Amino acid sequence: MNSRRTIGFIGLGHMGGPMAANLVKAGHRVLGHDLVPELLATAVGTGVEAAGSSADAVATADVVITMLPAGRHVLGLYREEGLPAAARPGTLFIDCSTIAVADARVAHEAAATAGMRTLDAPVSGGVVGAEAGTLTFMAGGGEAEFAEAEPLLAVMGMRAVHCGGPGAGQAAKVCNNMILGVSMIAVSEAFVLAESLGLSHQALFDVASTASGQCWALTVNCPVPGPVPGSPANRGYRAGFAVPLMAKDLGLAASAARAGGVHAELGLRAADIYAAYAEEAGTAEDFSGIVRKVRDRSASRPV
Ligand code: NAD
């Protein structure tokens with residue numbers, strides 16, 4: 001076991017709850033806080049100690065981890081509420097939320113101004129990965145901060161990549177998810193094209209999964225039922241990786257592309273497609289359900 005640390009954990013939702021529980025299981029002391037009392041109570045059931053406020057959660061912590069919905073929540077705590085000033089000088093603040101690179105840099109700066117050390121460390125792997133402790137972390141910040149965080153990241157995940165300085169973790173996250181969003185649309189369009197050509201889903205899968213069309217959207221999260229029994233398509237498109245989260249991540253990628261003058265035609269188009277889909281999809285629908293939208297708008301029907 002790693003040496004025991006005291007961790008202030010803020011945001012005990014779908015991801016933060018199981019991540020905090022894994023830290024407790026590994027022998028760390030976790031002081032948790034969430035605005036939703038029921039979530040705090042659930043976390044207490046896993047061994048997390050309830051803190052009355054975010055400031056209480058960080059006051060005696062060696063390390064603070066935030067796992068919040070979006071940039072405005074992170075900046076609300078880091079900047080408007082001045083949370084870093086409530087911690088002991090030199091405390092390591094790790095933000096695991098997915099937020100804009102620019103927001104992450106503002107958060108780094110706010111914490112540094114209060115004398116804290118920081119890392120942005122968004123994750124990939126979803127709720128299943130958070131529960132199993134198999135997340136991938138992509139981190140931005142200094143070498144020393146990454147080295148200190150690594151043993152904790154190793155408890156919550158199976159891989160941590162140090163991507164560069166402040167904001168680099170978020171940069172890696174938006175780039176990766178732009179690939180994912182675009183490739184899921186491409187795979188879905190290919191399946192609907194196959195339907196119109198009289199080619200079975202299985203035949204396309206058998207070829208593309210071992211040919212140059214191979215990608216995660218096809219071989220792990222296959223958008224049609226059958227070829228990959230564990231994919232969300234086999235359970236009525238229950239997430240998995242929910243549509244609103246994909247829409248959010250593509251929105252972050254699109255904003256970054258626009259701000260940087262990057263000619264990301266497909267990335268911007270994917271952001272529009274998922275933004276429209278998010279308006280009609282339930283919050284629990286997997287992003288691979290986009291195949292149904294492609295099919296609905298096409299003349300062909302499933303074979
Ligand atoms: P969630 O909404 O389930 O959890 C966030 C929690 O933060 C909520 O419980 C909310 O009450 C709490 N919160 C918000 N403001 C707070 C404050 N000021 N003080 C204390 N608590 C506060 O979201 P999630 O699904 O756990 O996702 C968290 C982050 O991880 C998001 O940025 C998301 O984009 C990212 N992410 C999610 C997934 C996924 O599959 N769910 C996968 C990868 C990355």
Side-chain angles (χ1 to χ4, degrees), residues 8-22 30-44 46 48 50-58 61 64-84 86 93-101 103-104 107 110 120-139 153 156-157 159 169-170 172-174 176-178 180-181 216 220-221 232 238-253 274 278 282-288:
F9 205 116
I10 300 166
L12 299 163
H14 291 100
M15 298 292 289
M19 288 163 73
N22 282 332
V30 180
L31 297 161
H33 185 64
D34 196 289
L35 297 177
V36 179
E38 291 76 18
L39 292 173
L40 189 52
T42 304
V44 167
T46 68
V48 169
S53 67
S54 295
D56 285 351
V58 309
V64 173
I65 299 177
T66 43
M67 192 49 163
L68 301 166
R72 67 178 186 283
H73 305 93
V74 175
L75 292 186
L77 275 180
Y78 274 61
R79 209 175 42 175
E80 276 91 77
E81 291 188 33
L83 183 68
F93 274 68
I94 308 173
D95 179 39
C96 294
S97 330
T98 301
I99 67 175
V101 175
D103 287 348
D120 55 288
V123 305
S124 170
V127 176
V128 172
E131 285 169 352
T134 57
L135 295 169
T136 294
F137 288 88
M138 34 222 123
L153 304 184
M156 299 181 284
R159 190 150 194 261
Q170 299 294 351
K173 172 81 183 172
V174 290
N176 178 75
N177 280 20
M178 189 170 86
L180 179 60
W216 190 91
V220 177
N221 218 74
R238 196 160 31 80
F241 188 45
V243 178
L245 290 172
M246 176 48 90
K248 171 193 163 187
D249 291 0
L250 286 171
L252 293 174
Y274 271 102
T283 53
E285 187 161 326
D286 190 74
F287 80 114
S288 60

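Start at 1 and go down the list; that is how both ligands and their atoms are numbered. FYI, side chains are in, hydrogens and waters are out, and symmetry mates aren't considered; it's all heavy atoms of this structure. Predicted, not measured: the structure shown is a model, and the values here were computed from it.
Considering each of Cys96, Pro18, Gly11, Pro69, the one bringing a non-hydrogen atom nearest atom 14 (C) of ligand 1 is Pro69. Here atom 27 (O) of ligand 1 lies nearest to Met15 when heavy atoms of Arg72, Lys173, Met15 are compared.
You'll find the side chain of Gln170 reaches within 4.5 Å of the side chain of Thr98, heavy atoms only. Residues Ile65 and Phe9 form a side-chain contact, since some pair of their non-hydrogen atoms from C-beta on lies under 4.5 Å apart. Within the 4.5 Å cutoff, the side chain of Phe241 has heavy atoms near those of the Asn177 side chain. For the pair Val127/Met15, a side-chain contact is recorded, criterion being any heavy-atom separation below 4.5 Å from C-beta on. Contact of the Val123 side chain with the Met156 side chain is not registered, since no non-hydrogen atoms from C-beta on lie closer than 4.5 Å. Using a 4.5 Å cut-off on side-chain heavy atoms (C-beta onward), Leu83 and Phe93 make contact. Residues Asp120 and Lys173 form no side-chain contact, since every pair of their non-hydrogen atoms from C-beta on lies 4.5 Å or further apart. Side-chain contact between Asp249 and Tyr274 is absent, with no heavy atoms from C-beta onward closer than 4.5 Å.
For ligand 1, the atoms lying closer than 4.0 Å to a non-hydrogen atom of Ile10 are 19 (N), 20 (C). Of all the atoms in ligand 1, the ones that sit under 4.0 Å from a non-hydrogen atom of Leu39 are 9 (O). Contact atoms of ligand 1 toward Gly126: 40 (O), 42 (C) (distance under 4.0 Å to a heavy atom of the residue). Every atom of ligand 1 is numbered from 1 in the order shown, and the set under 4.0 Å from a heavy atom of Ser97 is 32 (O). Counting atoms of ligand 1 from 1 in the listed order, those under 4.0 Å from a heavy atom of Val123 are 43 (C), 44 (C).
More than 12 heavy atoms of other shown residues, nucleotides or ligands fall within 6.0 angstrom of atom NE2 in His73.
The side chain of Lys248, and not its backbone, has at least one atom closer than 4.0 Å to an atom of ligand 1 (non-hydrogen atoms only; side chain from C-beta on). Proximity of Glu80 to ligand 1, defined as any heavy-atom pair under 4.0 Å, is not found for any part of the residue. Only side-chain heavy atoms of Leu245 come within less than 4.0 Å of ligand 1; its backbone N, CA, C and O stay farther off. At a heavy-atom cutoff of 4.0 Å, ligand 1 is contacted by both the backbone and the side chain of Leu35.
Checking only distances, Val36 never comes within under 3.5 Å of ligand 1, N or O to N or O. Between Thr98 and ligand 1, an N or O atom pair is found at a separation short of 3.5 Å. Considering backbone and side-chain N/O of Leu68, one or more are found under 3.5 Å from N/O of ligand 1. Considering backbone and side-chain N/O atoms, Asp34 comes within less than 3.5 Å of an N/O atom of ligand 1. Polar contact with ligand 1: absent for Glu81 (N/O pair, distance under 3.5 Å).
Partner of Leu68 under the side-chain contact (heavy atoms from CB on, under 4.5 Å) criterion, chosen from Val74, Ile99, Leu75: Val74.
Expressed to the nearest 0.5 Å, how far CG of Leu180 lies from OG of Ser124 amounts to 8.0 Å. Put simply, NE2 on His14 and CG on Leu39 are 8.0 Å apart, with the number rounded to the nearest 0.5 Å.
What sits closest to atom 30 (O) of ligand 1 on the protein, heavy atoms only, is Met67 CE, 3.2 Å. Counting protein heavy atoms only, atom 4 (O) of ligand 1 is closest to Gly13 CA, 3.4 Å. Closest to atom 25 (O) of ligand 1 among all protein heavy atoms lies His14 CB, 3.5 Å.
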